[in-house]
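Structure first, then comments.
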Amino acid sequence: MVENKELIKVVEETVSRDDVKYVIGYKRGTYGFQIKPAFAYSAEDAKEFFYSPLCSKNLATYPLLEEKLPLRRGEEAEHKKIGIVVKGCDSRAIIQIIQEKGLEKEDVVLIGIPCKGVIDPKKIAKRFPKQSKFVDVEENNNDEYILEIGGTSHKIPKDELLSDVCKSCEYPNPPLYDILIGEAEEEFQPEHFNRVDELEEKTIEKRWEYWEKHFQNCIRCYACREACPLCYCKTCMADLLEPQWIRRSVNLSENTAWNVMRAFHLAGRCISCGECERSCPVNIPLMELNKFVEKEVKEMFDYTAGLDTEEKPFLGSFRPDDPEDFIS
Amino acid sequence: MEQLTLPKEKLPELLGEIGSKFELIGPKEENGFLAFRKINDPKEVNLDILLSRVPPKSLIFQQTETLFTYAKGKDSKIQTPKIDESVRVIFGIRPCDARGYDIIDPVFMGKKEGDYTDPFYTKKRNRSILIGLSCNEPDTNCFCTSFDDSPANSKHVDILFTDIGGTYFVEIVTEKGEDLIKNLSKIFSKATEKEGTIRKETEKTAIKAISRKMNTEGAVEKLNKMFEHEFWIEAARSCIGCGICTYLCPTCHCFDMQDESTLKLGGRVRVWDSCMYEEYTHHASGHNPRPSRMNRVRNRVYHKFNYFPKNDGIFGCTGCGRCIDYCPVNIDIIEVIDKVKEVNV
Amino acid sequence: MSTKKNTELEEFEPNIIGFLCSWCSYAGADLAGTSRIQYPPNVKIIKVMCSGRVNPMYIINAFQQGADGVLVSGCHPGDCHYTHGNYLARRRVATMKKLLEFLGIEPERVRMTWVSAAEGRKYADVVREVTEDIKKLGPMTKIRREKEW
């Protein structure tokens, strides 16, 4: 259990360090069960920080969104660290980015949070609709969420609101951190991501029917890409015009190409935070694609993303004994 | 304005008849959300969910529109696609979404005689008959009342249906609506005065149920003075630059033109674009006048709450709340405007 | 590009795109030709410098533009002109095939093979097999662009 007091104290201390520019964390949102990313530039700003099972957002996206404005002659770039509050998956995202040389370890200060899983915003909003004020949720030791709405207290079994990706999370504790808040969570046996199994049992035609139905709705807002901490290419292939990999027309063919491309480019990189699926405005079950690829990469190549900063990138490396039973 | 009533159980009959005579578009549930689609069976219509995920602007200002196609080489020719001009009925559109059309009409249809009119938008707009449906139970982030609108506003539709319990109170607003009703069999009955009162009461209850309010008073003048304010850096800090807020907005209407071609054939398409993307303002020279997220978030707010009022005398927001509902990082336009008012210039 | 159906014979002639590496497989195809080995004309060859050059998006793009199958061919492991390009290609194609299968696109439509410059006969055999396989699967329309341009 993360004590907010402790979190605020740690953030205050971190942001007061000379070599830290700012700290990114969570604050309460404007309505319902929404949370907002918070940026603390001073100890004063840290007071609004908080952590609860609602804090699903992966903040590892932000260090790479930092805009480097052009420098005047004689000016030197500021080398200051960015502090980030990270859960298990967020920490793995940072590891993966460091592995790919997108960031250096020295660029960030990681405030680790042992995570017990986060609430799926869609599930909780469906359960308690029309909340115009922010409602906080706490977790007790009996695997229940406790929340108070309009004076009545509700107890809900954790299983009903927990994000699907969290159920199959293998790394609730941040593998990489500078400061850890509270005690590390005990290891637990993760469930299999059964949405993938269900799909795999279907026939090939049924599977295409399923994806066709979803891809047809894609509006190509690219929220999946922007929300993903690992989609940080300066220019995405989808935006290139010369060569144009994917046409801008929105139709089944181009939408499928985009979704295949996104999933493929995350092969051996996706750390299963579920951000893409959460932000998709047309409910495309993107995590099923990511989880499937993650599983296959693990089975075929014994490779897991986001655990070791020194590991070689999956698609940029090979082993001579990689499986080749499909080649003849 | 003619006022009629229709018992609820007769709605499928009505929709069936409309569907047999014209093209019928209506709200349909798909993958857990509402979308405006062609209705073949009245049973498909879902009126329980308030707003469609993608606003019905996509029916008229389509996400992908082929403007013309061409062939290269000896037999080169340019062909413009034929635009269907037969009557199309859009059923179940909410008053705020219908108002969205009125807000972007000047952009595509011109404001005065002699202005360029976009044939694709204009023809699709003219062929559409809007049958609105009042919202009896507004959602969390509805704030249409902040723009002198109401969840049962009949101004922007041709016919408005209001659920008054067991029956629909039907208002025929325009001539287009009258023509449509004349073409249908007589299943409507005249509305009584009592039913008129219930309709007004329903509207009042719905207005009361709207809990969020945007205070737009003086926003235009305030924005005039704070273009360079550092507030915008703060406001945009959490923006991740996806296009949800603009793609799901009933008044956002930016588009991009693309030539898509193979060796011999090609077409020019118009696709939605979003000012939240970096490449939106990216020049061929490599220069980008809106280089950072701050510029882009600022542009979105200015367009809706400063440029629109100055150009058209109307806010570019209908208060549907979609951008608040689906923003992955909870950038709340109501909060942004509130904060704008607090800023010291 | 479009799949032309020979209506008289009622037989479907598939369109197959072959990405052949310049050093081994393309030379192998050449050898098949100079040795006058008969094989079906369905594979349209695109020469690439190395099988490692084949971006898996090429495969998707080929399907979009009307291909019914894709053949990726490179040097045998250990023989790559650039030492390890084919190893990288192997990982990528393996992952892409799995992903396609999961999406409901027959993975048999993507075929990878090693053909050296001396294996003209093998190249002809591969082309024959691929053509037969794709013929059985029929035209690939799932992600093909609706409009020809």
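Residue numbering restarts at 1 for every chain, and letters A, B, ... go by the order of the sequence lines. Keep in mind that what you see is a predicted model, and the values were worked out from it rather than measured.
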B:K264 NZ: over 12 foreign heavy atoms closer than 6.0 Å: no
If you measure only the distance, is there a donor-acceptor pair under 3.5 Å linking the side chains of A:Q131 and B:T140? no
B:E65 versus chain A, heavy atoms under 4.5 Å apart: side chain, backbone, both or neither? neither
Against chain A, label B:R293 side chain, backbone, both or neither, depending on which of its atoms sit under 4.5 Å from a heavy atom there. both
To the nearest 0.5 Å, atom CD of B:E278 lies from atom SG of A:C236 at 12.0 Å
Under 4.5 Å from any heavy atom of chain B, what part of A:L241 do you find: side chain, backbone, both or neither? side chain
Please lay out, stage by stage, how B:D273 and A:R248 fare under the test salt bridge (charged side-chain N to carboxylate O under 4.0 Å, His left out). CA-CA 9 Å; B:D273 203 353; A:R248 289 284 289 274; 3.3 Å; yes
Atom NZ of A:K126: over 12 foreign heavy atoms under 6.0 Å: no
Options A:S279, A:S56, A:P37, ranked by heavy-atom pairs under 4.5 Å with chain B, top entry: A:P37
Considering only heavy atoms from C-beta outward, does the side chain of B:Y247 approach that of A:C221 to under 4.5 Å? yes
For A:K202, does the NZ atom have more than 12 heavy-atom neighbours from other residues, nucleotides or ligands under 6.0 Å away? yes
Verify whether one side chain among B:R53 and A:N283 offers a donor that lies under 3.5 Å from an acceptor in the other. yes
How close do B:D332 and A:Y31 get, heavy atom to heavy atom, and via which atoms? OD2-CD2, 4.2 Å
Counting heavy-atom pairs under 4.5 Å with chain A, which one of B:G243, B:P328, B:S238 comes out on top? B:S238
Go through the steps for B:E335 and A:K36 under the test salt bridge (charged side-chain N to carboxylate O under 4.0 Å, His left out), then give the verdict. CA-CA 12 Å; B:E335 193 196 37; A:K36 259 178 190 291; 2.8 Å; yes
Nearest heavy-atom pair of B:V269 and A:S249: which atoms, and what distance? CG2-OG, 3.7 Å
Straight-line distance of A:Y26 OH to B:N330 CG, nearest 0.5 Å: 14.0 Å
In terms of heavy-atom proximity below 4.5 Å to chain A, should B:N141 be classed as side chain, backbone, both, or neither? side chain
Relative to chain A, which segment of B:S211 carries a heavy atom at a distance below 4.5 Å: side chain, backbone, both, or neither? side chain
Proximal component of A:Y22, with respect to chain B [non-hydrogen, under 4.5 Å]: neither
Under a 4.5 Å cutoff for heavy-atom pairs, which residue among A:G29, A:P281, A:A223, A:S132 has the most contacts with chain B? A:P281
Nearest-0.5 Å distance that lies between atom CD in B:E279 and atom CG in A:L240: 9.5 Å
Within the side chain of B:E260, is there an N or O that forms a donor-acceptor pair under 3.5 Å with the backbone of A:R247? no
Checking heavy atoms, do the side chain of B:R237, its backbone, both or neither come under 4.5 Å from chain A? both
Is there a side-chain contact between A:D239 and B:Y277, using heavy atoms and a 4.5 Å cut-off? no
Between A:E66, A:R225, A:K133, A:R220, which has the largest tally of heavy atom pairs under 4.5 Å with chain B? A:R220
Note, B:V54 side chain near A:I219 side chain (heavy atom, < 4.5 Å): yes
Residue B:L248 versus chain A: region with a heavy atom under 4.5 Å: side chain
With a 4.5 Å heavy-atom cut-off, do B:F33 and A:N217 have their side chains touching? yes
Looking at B:L263, I want to see if its CG is surrounded by more than 12 non-hydrogen atoms of other residues, nucleotides or ligands under 6.0 Å. no
Any idea which of A:T61, A:I284, A:I35, A:T235 has the most non-hydrogen atom pairs under 4.5 angstrom with chain B? A:I35
So for B:V329, is it side chain, backbone, both, or neither that comes closer than 4.5 Å to the heavy atoms of chain A? both
B:E230 atom CD, neighbour heavy-atom count above 12 within 6.0 Å: no
Take atom NZ of A:K206 as the centre, draw a 6.0 Å sphere, and report whether it contains more than 12 heavy atoms from other residues, nucleotides or ligands. no
Is the closest side-chain donor-acceptor distance between A:N251 and B:T64 under 3.5 Å? no
Check: B:D139 main-chain N/O paired with A:K130 side-chain donor or acceptor under 3.5 Å: no
Surrounding NZ of B:K204 (heavy atoms of other residues, nucleotides or ligands, distance under 6.0 Å), is the total greater than 12? no
Is B:I334 in contact with chain A via its backbone, its side chain, both, or neither, using a 4.5 Å heavy-atom distance? neither
Would you say A:Y62's side chain and B:I240's backbone share a donor-acceptor pair under 3.5 angstrom? no
Under a 4.5 Å cut-off applied to non-hydrogen side-chain atoms, are A:V282 and B:N31 in contact? no
Using only heavy-atom distances, determine whether the side chains of B:Q258 and A:Q244 contain a donor-acceptor pair under 3.5 Å. yes
